[in-house]
Amino acid sequence: AYVANARRLLAESAAAVNPLAGWRPTVPAAELETKLYPVDSEFRRFEEIGLSEAAGLCFVLPAGGLGERLGFSGIKLALPCEIA
């Protein structure tokens, strides 16, 4: 499915097809908005939950292009990784 989708997107891009044509961004309804302020106990409660989960958190920000300079023939996101 990944390769088929990539091929479709590349073909559409070559044909100057915009995948977002007709899409309109919208602002969420105000009643769904949650406002948290650093002085609120609810903010502190969510912060504690987030900080307790942060120990298992990892961010990866690869640069563009392939991993050829790394001795890898695929895209950088496909590089093997290990969890120790």
Side-chain angles (χ1 to χ4, degrees):
Y2 176 84
V3 173
N5 189 44
R7 286 183 177 147
R8 179 184 59 78
L9 290 171
L10 285 170
E12 289 177 357
S13 176
V17 174
N18 182 352
L20 299 177
W23 178 74
R24 300 268 183 229
T26 59
V27 176
E31 64 269 7
L32 299 177
E33 185 177 327
T34 300
K35 292 187 179 187
L36 295 173
Y37 300 97
V39 295
D40 295 340
S41 61
E42 187 176 23
F43 178 93
R44 285 192 218 109
R45 184 175 71 83
F46 284 125
E47 185 178 43
E48 287 176 17
I49 293 169
L51 289 174
S52 69
E53 296 295 324
L57 184 64
C58 175
F59 291 95
V60 176
L61 183 62
L66 298 175
E68 295 163 331
R69 288 181 291 156
L70 303 172
F72 187 73
S73 62
I75 62 170
K76 292 176 187 164
L77 289 175
L79 282 167
C81 62
E82 298 175 8
I83 298 176

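Residues that satisfy the salt bridge (Lys or Arg N to Asp or Glu O under 4.0 Å) test with Arg8, not counting sequence neighbours, are Glu12.
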With a 3.5 Å cut-off and sequence neighbours excluded, list the donor-acceptor pairs that the side chains of residues 37-45 form with protein atoms.
unit_1: Asp40; atom_1: OD2; unit_2: Tyr37; atom_2: N; d: 3.4
unit_1: Arg44; atom_1: NH2; unit_2: Val39; atom_2: O; d: 2.9

Can I get a per-line list of side-chain donor-acceptor pairs under 3.5 Å for residues 58-65, giving both atom names and the distance, sequence neighbours left out?
none

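One finds the CG atom of Leu9 at 12.5 Å from the CZ atom of Arg7 (value rounded to the nearest 0.5 Å).
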